[in-house]
Amino acid sequence: MIAAQAVCAVLAVLVTAYAAGGALLARSPLARLHFLAPVTTLAVPLLAVAAVLAFGVSLGSASVVVTAAAIAVSGPALTAAVGRALAAEAGADVGKEPE
């Protein structure tokens with residue numbers, strides 16, 4: 001069990017470090033935005049799994065799982081909204097506003 005939580009935690013840190021390094025090297029804000037996806041879809045759930053394995057099934061673990069699920073669900077929508085705002089600010093045609 002300890003090995004599994006260590007593997008999950010190390011993978012989450014590696015994914016986050018990769019994304020941070022890519023964001024530092026990216027030239028434009030829109031390119032940097034792409035590096036949020038691995039963090040919200042991989043690193044956060046991996047850290048949640050590591051926390052549940054470390055603390056067992058408890059109320060604290062449930063709050064970690066709920067928070068990770070909220071980030072996983074809202075992350076892509078927030079990224080798309082920020083991307084549209086950045087593109088509109090840069091003068092790109094972003095189409096109609098969503099209803």
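When reading the values below, keep in mind they use all heavy atoms of this one structure, side chains included, and skip hydrogens, waters and symmetry mates.
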Scan the side chains in residues 47-56 for donor-acceptor partners under 3.5 Å anywhere in the protein, sequence neighbours excluded, and list what turns up.
none

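- In the hydrophobic clustering (ILVMFWY side chains linked at under 4.5 Å, chained through shared members), Tyr18 is joined by Phe35.
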Residues 21-28 side chain polar contacts: donor-acceptor under 3.5 Å, at least two apart:
from	atom 1	to	atom 2	distance (Å)
Ser28	OG	Ala31	N	3.2

For residues 64-77, dump all side-chain donor-acceptor pairs below 3.5 Å to protein atoms at least two apart in sequence or in another chain.
from	atom 1	to	atom 2	distance (Å)
Thr67	OG1	Ser63	O	2.8
Ser74	OG	Ala70	O	2.7

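- For the side-chain contact (heavy atoms from CB on, under 4.5 Å) test, no residue two or more places apart in sequence or in another chain qualifies with Ala17.
- Under a 4.5 Å side-chain heavy-atom cut-off, the cluster of Ile, Leu, Val, Met, Phe, Trp and Tyr residues that includes Leu33 is completed by Leu30, Leu36, Val82, Leu86.
- Members clustered with Leu11: Val7, Leu46, by chain and number, using a 4.5 Å side-chain heavy-atom cutoff among hydrophobic residues.
- Within the hydrophobic cluster formed by Ile, Leu, Val, Met, Phe, Trp and Tyr side chains joined at under 4.5 Å, directly or through other members, Val39 stands alone, with no partner residue.
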